There are 2 protein chains.
Amino acid sequence: MTINTKDAKPYHHGNLKHALLTAARRLLETEGHSDLSLRKCANAVGVSATAPQNHFANKAALLTALATQGYAELATYMRQGIDEHADRGTRRKAALLGYVGFAQDNPALYELMFARDRVASNDPELMRHVGECFVILADISKAFGNFEGEINKVEAKQQMFVWSLVHGYAQLLTANRFKKSDMLEMNILDIIPDLRG
Amino acid sequence: MTINTKDAKPYHHGNLKHALLTAARRLLETEGHSDLSLRKCANAVGVSATAPQNHFANKAALLTALATQGYAELATYMRQGIDEHADRGTRRKAALLGYVGFAQDNPALYELMFARDRVASNDPELMRHVGECFVILADISKAFGNFEGEINKVEAKQQMFVWSLVHGYAQLLTANRFKKSDMLEMNILDIIPDLRG
DNA sequence: TCGTCATATGTACACTGTAAACTTTTTCTT
DNA sequence: AAGAAAAAGTTTACAGTGTACATATGACGA
């Protein structure tokens, strides 16, 4: 029973699921992955410790939702780079810069997106967005490198080559595995040899 | 006071640190990263729950030690490939196959080795072995790709290119991000375009 | 023989994920 | 409009976890 209708906190949050996800995401990037807990998320949103259970079956479900969000945004980052340009070569470069930019903007989330253990990799919604990224990568990978063989195999190789390269670069960059002196004024485009296409 | 000297368990383990590391490594690959706990390691070795504290300041220290072991073995995998052959091109290929082979043999450990959060990346022993891998990669990266610029920059680019490519491939492979149909009878060498050198 | 020190144990505590029972609010049916 | 059903909160409970701290044990040199 609510007396003061002005500033009384409602029993039902309204959009707790979304609020938990944004809180989780902030905690993930600020506190780090190992300090992220459901209870902290609940606390940040101002709700009881077990309220998240109504929206996420378990912690893995929340992490999976976070990862799914990540893939969706990664696609957006790439598409934005693509949409800004007209010709194939420039679009490709923009998409690659967008990919790495996403990883740099969300390093902890990016790591989570490729964690074998913490996310449920059989989640259909997750895999849908993974596939979305894959399609974009497939598109910008066409006519990349001088691979040989039948067309299907060549396209698969081009795609795997580009994704391996950009993913490896993004992760080694955000994990600080490159020498700092080497990184001066360098980006992903600098480490791609001038291939035909 | 030990009465039965035959099968009485000694109070001091003897080499608990080493035993904990091997137990941790087994648990890491079998149970998965998120189910690895110090207490389980202690239990697996048959020692009290807090005994590990005498050998590892905290859990991060144990994980860091695991990652350090990982880099040392990764270097061994690559060197083995290198030592088996004479000419530069074949050695390079063997080293790359060795790199990916290590990741496939130890997927959970490999992921840990690039985790931003769980390992203390300022550990000197860890970084020594990271550097060891970097040197090997630098060696096999020479004369790779048609990069341009001054020699130092070119070598840095070659190195970053090769490491990005092989790391990205290894992780995407072990994280099941490639289409299975594309992976049929394919390996890291198939996705490297035929560059000069 | 006796301290000293490394190495083990036991206890304690705050924090975590999750299950279960309960309460409050909304929504749907009639 | 009323009441049942469902949705979305709360509280309580419990087994595990990392870690701090006090204590016990044994190895070993002085």
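These figures come from a predicted structure and were not determined experimentally. Quick note on labels: first sequence line is chain A, next is B, and so on, each numbered from 1.
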Donor-acceptor pair between B:Asp123 and B:Thr64 side chains, under 3.5 angstrom: no
Check: A:Ser37 side chain, C:dG17 base, donor-acceptor under 3.5 Å: no
Presence of donor-acceptor pair under 3.5 Å, side chain of B:Thr50 and base of C:dT11: no
Enclosure of B:Lys153 NZ (heavy-atom neighbours >12, cutoff 6.0 Å): yes
Of all the choices, [options], which nucleotide is nearest to the side chain of [X] once you look at every atom?
X	options	answer
A:Lys59	C:dG17, D:dT17, C:dA19	C:dG17
A:Arg39	C:dT16, D:dG9, D:dT19	C:dT16
A:Asn54	D:dG9, D:dT19, C:dT18	D:dG9

Between [atom2] on [N] and [atom1] on [X], what's the gap in Å once rounded to a whole number?
X	N	atom1	atom2	value
A:Asp35	D:dT19	CG	P	11 Å
A:Phe56	D:dA8	CZ	C1'	14 Å
B:Gln53	C:dA6	CD	C1'	15 Å

Cationic N near anionic O, under 4.0 Å, B:Arg79 to B:Glu132: yes
Electrostatic pair B:Glu73:B:Arg25 at N-O distance under 4.0 angstrom: yes
Sugar-phosphate, base or nothing in reach of A:Lys17, heavy atoms under 4.0 Å: nothing
Any B:His55 side-chain nitrogen or oxygen under 4.0 Å from OP1 or OP2 of C:dA6: no
